[in-house]
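Report on the following structure.
Everything numeric in this text was worked out from a predicted model, so none of it was measured. These values consider heavy atoms only, across backbone and side chains, with no hydrogens, waters or symmetry-generated copies.
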Amino acid sequence: MEAYDIPAADVCVTEETIKKSRFITYLAHTEGSEAAKAFVRQIREQHPDARHHCWAWVAGAPDDSQQLGFSDDGEPSGTAGKPMLAQLMGSGVGEVTCVVVRYYGGIMLGTGGLVKAYGGGVRQGLQALTRCRKVPMQRFTLRCDYGFLTEAERLVERFNGKIIASDYQADIHLTLALPFDSIREFEKQLSDLSRGALTLQRVDQRPSQS
């Protein structure tokens, strides 16, 4: 798994008026489809009087086709959700949900005008969006004696990993997270340092956050 951009701020809001219709674009960091659905509900509750609440999301990594979604919410088919999703997918940003709220101004825009309005709103929002980099990480446990703790901590730091928990018993049980692209080299250096005495135990297959 490669690193990818995610929204750095909780919510990014942009707005424009097109032929008297008001379009408000919300972009938010949402990890997983349940978080994406919750954000859509939140915006609906904030704007109960709006004519449409069109949405699209890339709820996982940008290349995860299993976590995509969109809705025209009453607009003509293909004029809102799809152009919104196309903008999100072209941005390279993951774990992001967009909701465009429309207050109808009384002038019909036509299908081409709607595609331009909704797609353009997302494009404008993405330009204003502050991003940060997410490095997918895998969790492991490592059992070591007290004499090796300092070396283990230095090794984790060297590979930009994190020690999540430390359980001090007769020996030490560490829970740590490592970037996916560093795991093989980390294991090699761990084996070299401990002369093969220490090995990582994978916690699960689900990557943790950076």
Residues 163-175 vs salt bridge (Lys or Arg N to Asp or Glu O under 4.0 Å), sequence neighbours excluded, gives R143-D171

Looking at every heavy atom in both [X] and [Y], which two are closest together, and how far apart are they?
{"X": "G92", "Y": "Y4", "value": "O-CB, 4.5 Å"}
{"X": "Q189", "Y": "F159", "value": "NE2-CZ, 3.5 Å"}
{"X": "L174", "Y": "C144", "value": "CD1-SG, 4.5 Å"}
{"X": "V100", "Y": "C98", "value": "CG2-SG, 4.0 Å"}
{"X": "E16", "Y": "A117", "value": "OE2-O, 4.2 Å"}

Practice prompt. Using a strict cut-off of less than 4.0 Å between a Lys/Arg side-chain nitrogen and an Asp/Glu carboxylate oxygen, indicate whether R154 and E157 qualify as a salt bridge.
Written response: no

Do R133 and D5 sit within salt-bridge range, that is, some charged N less than 4.0 Å from a carboxylate O?
-> yes

Sub-4.5 Å side-chain heavy-atom contact between [X] and [Y]:
{"X": "L88", "Y": "L27", "value": "yes"}
{"X": "M89", "Y": "L68", "value": "yes"}
{"X": "I24", "Y": "V99", "value": "no"}

For residues Q42 and Y26, is any side-chain donor paired with an opposing acceptor at under 3.5 Å?
no

Take a 6.0 Å sphere around CD of Q169 and say whether it holds more than 12 heavy atoms from other residues, nucleotides or ligands.
yes

Salt bridge (Lys or Arg N to Asp or Glu O under 4.0 Å) filter on E15, not counting sequence neighbours, yields R22

